[in-house]
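Written below as structure tokens is the structure these notes are about.
Atoms considered below: every heavy atom in the structure, side chains included; atoms not considered: hydrogens, waters and symmetry mates. Heads up: numbering here begins at 1 and tracks the sequence. What you see is a predicted model; the values in this text were computed from it and never measured.
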Amino acid sequence: MEGERDPWKLATFVEPEVQATAEDIAKSLEGNWREELLFVLRQHVEFYRIYQQKITDCDLRLRKHLESLGSKVDLKTQSIGHRPKGKKKSKNAPGFDLRTELYRVTGIDWTQINGIDVLTAQTVIAEAGADLSAFPTESSSPVGWD
């Protein structure tokens with residue numbers, strides 16, 4: 001959008017995860033640089049940046065809210081430890097350490113539960129609360145649930 005039209009130079013900006021070859025990417029970037037299409041592209045990039053800022057604003061508000069909640073765990077004496085193997089940080093996770101904040105507030109490292117990542121934990125806490133006493137445990141589950 002800033003005037004570069006060489007497809008080979010543009011291909012150098014591709015994210016590392018892209019599987020296509022540089023040649024395929026360069027070929028796909030050859031084309032007609034019509035002014036009306038560049039205008040639409042600029043509009044979309046502008047919206048993308050606005051939405052990214054809105055997401056950052058939500059992350060800041062979430063962090064501020066979590067910091068206002070009391071602690072069930074003193075992180076200085078009971079640190080959370082390493083992230084469980086096989087559980088990567090989600091690219092949609094907030095820009096702060098949500099796992100540690102949820103641990104501090106609830107006293108539970110939710111990511112130790114199979115199938116639960118930090119975003120799922122956040123959703124469960126937001127919907128059902130952090131008090132899990134209403135749910136049966138393995139030892140208290142009704143007959144036939146095992």
Side-chain angles (χ1 to χ4, degrees), residues 1-138 141 145:
M1 288 184 355
E2 301 198 10
E4 182 60 61
R5 302 291 186 260
D6 179 348
W8 288 97
K9 286 183 182 175
L10 292 172
T12 63
F13 296 111
V14 173
E15 296 289 328
E17 301 85 37
V18 173
Q19 299 292 321
T21 65
E23 184 176 348
D24 286 342
I25 293 167
K27 281 182 185 177
S28 71
L29 292 170
E30 291 175 2
N32 183 340
W33 299 95
R34 295 181 1 214
E35 194 55 42
E36 65 273 16
L37 296 178
L38 292 172
F39 172 78
V40 171
L41 179 60
R42 280 186 200 95
Q43 294 290 307
H44 286 288
V45 169
E46 223 176 278
F47 282 129
Y48 173 81
R49 290 179 178 148
I50 289 168
Y51 289 132
Q52 291 301 310
Q53 184 57 54
K54 297 293 181 193
I55 290 169
T56 299
D57 293 346
C58 287
D59 288 353
L60 291 171
R61 178 62 65 105
L62 173 62
R63 183 177 196 167
K64 195 173 194 177
H65 174 71
L66 289 171
E67 288 172 349
S68 75
L69 300 175
S71 296
K72 288 209 174 181
V73 173
D74 179 7
L75 294 175
K76 292 178 183 165
T77 60
Q78 296 175 302
S79 65
I80 191 168
H82 297 290
R83 182 186 325 255
K85 284 186 178 183
K87 293 200 179 183
K88 300 177 193 171
K89 182 178 179 183
S90 168
K91 64 182 179 179
N92 295 322
F96 64 94
D97 188 357
L98 179 59
R99 178 176 168 246
T100 299
E101 277 301 301
L102 294 179
Y103 173 66
R104 181 188 63 76
V105 171
T106 65
I108 301 167
D109 180 4
W110 294 72
T111 63
Q112 295 295 328
I113 303 168
N114 286 336
I116 304 289
D117 67 2
V118 71
L119 294 176
T120 304
Q122 175 188 331
T123 303
V124 169
I125 294 166
E127 295 291 332
D131 180 8
L132 303 179
S133 62
F135 300 98
T137 64
E138 185 177 35
S141 63
W145 277 32

Looking at Glu101 and Arg104, is any side-chain nitrogen of the basic one under 4.0 Å from a carboxylate oxygen of the acidic one? yes
Rounding to 0.5 Å, atoms OH (Tyr48) and NE2 (His44) come to a distance of 14.5 Å
Is there side-chain contact between Leu66 and Leu98, with heavy atoms separated by less than 4.5 Å? yes
In Val105, Val118, Asp109, Leu75, the residue satisfying side chain to side chain contact (heavy atoms under 4.5 Å, CB included) with Thr100 is Leu75
If you draw a 6.0 Å radius around CG in Asp57, do more than 12 non-hydrogen atoms from other residues or ligands fall strictly inside? yes
Greater than 12 external heavy atoms within 6.0 Å of Glu36's CD: yes
Report the distance from atom CZ of Arg34 to atom CG of Leu41, rounding to the nearest 0.5 Å. 13.0 Å
Report the C-alpha distance between Lys27 and Glu23 in whole Å, list the side-chain angles of each, state the deciding distance to 0.1 Å, and finish with yes or no for salt bridge (charged side-chain N to carboxylate O under 4.0 Å, His left out). CA-CA 6 Å; Lys27 281 182 185 177; Glu23 184 176 348; 3.5 Å; yes
How far apart are the closest heavy atoms of Arg5 and Trp33, and which atoms are they? CD-CD2, 3.2 Å
Closest non-hydrogen atoms of Arg99 and Gly81, given as atom of the first, atom of the second and distance, are NH1-O, 3.4 Å
When you check the side-chain N and O atoms of Thr56 and Asp59, is any donor under 3.5 Å from an acceptor? no
Minimum heavy-atom distance Ala26-Ala11, with the two atoms named: N-CB, 4.2 Å
Hey, could you give me the CZ/CD distance between Phe47 and Gln52, rounded to the nearest 0.5 Å? 14.5 Å
Close side-chain approach of Leu102 to Gln122, heavy-atom, < 4.5 Å: yes
Working to the nearest 0.5 Å, report the span between CG of Leu10 and CD of Glu30. 11.0 Å
Does the Thr123 side chain pair with the main chain of Leu119, one donor and one acceptor, at a distance under 3.5 Å? yes
Distance in Å, Leu37 CG paired with Arg42 CZ, rounded so as to fall on 0.5 Å steps: 11.0 Å
Using only atom types and a distance under 3.5 Å, with no angle test, would you say the side chain of Thr21 pairs donor to acceptor with the backbone of Asp24? yes
Do Leu62 and Phe96 touch side chain to side chain, with heavy atoms closer than 4.5 Å? yes
I'd like to know if Glu67 and Arg63 make a salt bridge, using a cut-off of under 4.0 Å between side-chain N and carboxylate O. yes
dist Asp117:CG -> Trp110:CH2 (nearest 0.5 Å) comes out at 12.5 Å
